[in-house]
There are 2 protein chains.
Amino acid sequence: MSTQKLNTEARREQIARAALELFTREGLEGFSIAKLSASVGLVPSAIYRHFKGKEEVLVASLDVLRDKLYGLVEAARDESDDPVDVLERLLRKHARLIASGKAAPHILLSSDAARGHAKRRAKLHRIFVGYMHRIEGIAAEGQAMGVIRKDVGAETIALLFAGMIQPAALMMSAGEKNFDLKSHVNQSWKLFHQAIRQK
Amino acid sequence: MSTQKLNTEARREQIARAALELFTREGLEGFSIAKLSASVGLVPSAIYRHFKGKEEVLVASLDVLRDKLYGLVEAARDESDDPVDVLERLLRKHARLIASGKAAPHILLSSDAARGHAKRRAKLHRIFVGYMHRIEGIAAEGQAMGVIRKDVGAETIALLFAGMIQPAALMMSAGEKNFDLKSHVNQSWKLFHQAIRQK
DNA sequence: CTACAATGTGAATGTCTATTCACATAAAGG
DNA sequence: CCTTTATGTGAATAGACATTCACATTGTAG
């Protein structure tokens with residue numbers, strides 16, 4: 001049995017991507033080198049040509065996660081100059097991702113984030129904080145422009161924003177079939193928007 | 001080596017409690033019969049005198065989780081007749097639990113909910129939905145009493161409420177030492193309260 | 001075209017896991 | 001006090017796992 005050979009750089013990326021998907025789908029518990037290698041059409045031992053071990057694969061998958069997540073924010077920013085509008089667009093981007101079932105970024109907001117080796121945990125934490133800082137930045141911008149109230153910290157606004165996404169992701173992944181994501185997002189946004197706007 | 005013998009009912013409860021704690025602390029990945037039995041001073045095989053297997057232990061631990069979670073809601077309801085006040089008390093109870101590091105409910109309800117055996121997943125899902133229904137009930141009560149706005153569904157209010165708790169729990173368990181939980185709760189409540197109140 | 005380095009393979013190793021079972025001991029009732 | 005039954009023990013089994021290594025194959029530089 002022979003597989004097409006790829007240079008390390010390409011393989012590393014392919015493996016890291018597959019690792020993120022596997023991690024997202026099965027969690028830490030279901031993540032194994034065997035499953036990972038199978039998902040890229042390799043044999044387990046081949047993984048070790050490109051990574052020192054399982055831990056290094058997981059850490060690499062976090063880079064993919066970071067890029068996806070931050071990319072979402074950048075895309076939203078590019079679409080509008082009004083910070084409030086940017087937040088709404090970002091929320092709807094998240095919703096679309098959640099609805100598609102491939103809600104990769106949201107494992108960040110999950111419990112697996114809090115576990116694992118210290119180094120990996122620290123990295124996930126940095127990504128999460130970085131994401132929050134970006135939301136905070138958008139909120140602060142809105143405050144400076146006078147479209148978002150100033151008597152509440154930008155950090156609080158950012159956390160509340162995250163709070164709109166997380167329970168919705170949970171409802172969907174838990175398979176609540178009667179859950180109407182679209183309507184939840186619309187109503188949540190309405191509440192959130194009225195709560196934060198400058199009066 | 002001999003250990004004090006306990007009747008099955010008492011042992012089952014002790015084991016289920018320990019299981020919830022272990023599950024909360026280590027996640028599914030770190031949960032093993034060996035660690036569990038050690039935490040109650042038994043030998044692994046002893047667990048099988050009281051449970052058919054690992055899966056049954058996990059399911060039993062969910063009963064403990066349910067009781068804790070619903071108990072929190074009941075306690076908050078008992079303390080006040082004003083639904084808005086009940087919600088604030090409940091939020092602060094959650095905050096205290098999170099601060100104490102024993103944030104059992106919150107972590108579990110994030111991502112492990114979506115995994116594992118179908119039966120266990122379904123049970124966790126029922127618990128989550130049951131919790132949401134309770135919050136929804138409080139919100140609906142407030143709407144009926146005219147202290148909470150009626151132009152937004154009680155379900156949305158409940159989800160936003162959950163959204164105040166989950167990201168905070170995550171921040172704490174991820175070990176963000178600069179995170180000021182107390183101030184987050186105060187500001188979140190201020191925002192949430194103003195957002196939902198009847199004007 | 002040929003050698004060499006990079007990449008892939010399959011078998012082997014050792015650790016951890018859940019689970020079972022024959023045996024031991026404590027508790028409780030007669 | 002003694003017997004029975006529930007509970008606990010330690011050893012054994014079988015499977016999953018991460019990781020290593022000797023060997024095979026591919027791609028490529030000279």
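Note on naming: letters A, B, ... go to the chains in the order of the sequence lines (proteins, then strands), and numbering restarts at 1 for each one. All of these numbers come straight from a predicted model, not from anything done at the bench.
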query: Around atom CG of B:Asp78, are there more than 12 heavy atoms of other residues, nucleotides or ligands at under 6.0 Å?
result: yes

query: Any idea how B:Trp189 and B:His193 line up, ring-wise: parallel (<30°), tilted (30 to 60°), or perpendicular (>60°)?
result: parallel

- line: side-chain contact (heavy atoms from CB on, under 4.5 Å) filter on A:Lys119, not counting sequence neighbours, yields none

message: For a quick test of reading the model, state the closest non-hydrogen atom pair linking B:Ile127 to B:Leu62 and the distance between them.
response: CD1-O, 3.4 Å

N/O contacts under 3.5 Å, protein versus nucleotides 13-16 of chain D?
none

task: Would you sort out whether B:Leu160 and A:Phe192 count as a side-chain contact (heavy atoms from CB on, under 4.5 Å), showing the intermediate values?
output: CA-CA 9 Å; B:Leu160 214 63; A:Phe192 179 78; 5.5 Å; no

Within the sub-3.5 Å range, which N or O atoms of nucleotides 2-4 of chain D have a protein N or O partner, and how far apart are they?
none

- request: Could you state the atom-to-atom distance from CG of B:Leu22 to C1' of C:dA18 in whole Å?
  value: 15 Å

task: Test B:His125 against B:Val129 for side-chain contact (heavy atoms from CB on, under 4.5 Å), laying out the working first.
output: CA-CA 6 Å; B:His125 180 242; B:Val129 170; 3.5 Å; yes

message: Please find the pair of heavy atoms, one from B:Ser37 and one from B:Ala34, that lie closest to each other, and give the distance.
response: OG-O, 2.9 Å

task: Strictly below 4.0 Å, heavy-atom distances to any atom of DNA chain C: list the hits from residues 50-58 of chain A, or just say none.
output: A:His50

field: d(CZ, B:Phe31; C1', C:dA18) in whole Å
entry: 12 Å

Distance, rounded to the nearest Å, where B:Gln4 contributes CD and C:dA28 contributes P: 10 Å

statement: Scanning both residues in full, the closest heavy-atom pair of B:Ala16 with B:Ser61 reads O-CB, 3.6 Å

Spacing of A:Leu36 atom CG relative to D:dT19 atom P, expressed in whole Å: 12 Å

query: Minimum heavy-atom separation for B:Val86 to B:Ser80, with atom names?
result: CG2-O, 3.5 Å

field: Nearest-angstrom distance from the residue atom CD of B:Glu29 to P of D:dA18
entry: 10 Å

task: Identify whether the distance between the nearest side-chain nitrogen and carboxylate oxygen of A:Arg17 and A:Glu21 falls below 4.0 Å.
output: no

task: Would you kindly say whether A:Gln14 and A:Arg11 are connected by a side-chain donor-acceptor distance under 3.5 Å?
output: yes

- request: Would you please name every residue forming a salt bridge (Lys or Arg N to Asp or Glu O under 4.0 Å) with B:Glu26, sequence neighbours left out?
  value: B:Lys35

field: Common cluster, A:Leu65/A:Met132, ILVMFWY with side-chain heavy-atom separation under 4.5 Å
entry: yes

Restricting to nitrogen or oxygen on both sides, can you table the protein-nucleotides 28-30 of chain D pairs closer than 3.5 Å?
none

task: Kindly write out the residues that satisfy side-chain contact (heavy atoms from CB on, under 4.5 Å) with B:Arg149, not counting sequence neighbours, or none if the list is empty.
output: A:Lys190, A:Leu191, A:Gln194, B:Asp151, B:Val152, B:Gln198, B:Lys199

Listed partners of B:Asn186 passing side-chain contact (heavy atoms from CB on, under 4.5 Å), at least two apart: B:Arg92, B:Lys182

- request: Using atom CD1 of A:Ile33 as one end and atom P of C:dT9 as the other, report the distance to the nearest whole Å.
  value: 15 Å

query: Are B:Lys93 and B:Glu88 within salt-bridge range, i.e. N to O under 4.0 Å?
result: no

message: Does D:dA6 have OP1 or OP2 under 4.0 Å away from a side-chain N or O of B:Arg11?
response: no

- prompt: So which pairs with a foot in residues 36-61 of chain A pass salt bridge (Lys or Arg N to Asp or Glu O under 4.0 Å), sequence neighbours left out?
  reply: A:Arg12-A:Glu56, A:Glu55-A:Arg120

task: Give me the bend of the helix from C:dC1-D:dG30 to C:dA28-D:dT3, using the axes of the five pairs at each end, rounded to 10°.
output: 10°

message: Give me each pair satisfying salt bridge (Lys or Arg N to Asp or Glu O under 4.0 Å) with a member in residues 135-147 of chain B, each pair once, sequence neighbours excluded.
response: B:Arg77-B:Glu141

task: Specify the residues of residues 40-49 of chain B, ordered by number, for which at least one heavy atom lies under 4.0 angstrom from an atom of DNA chain D.
output: B:Leu42, B:Val43, B:Ser45, B:Ala46, B:Arg49

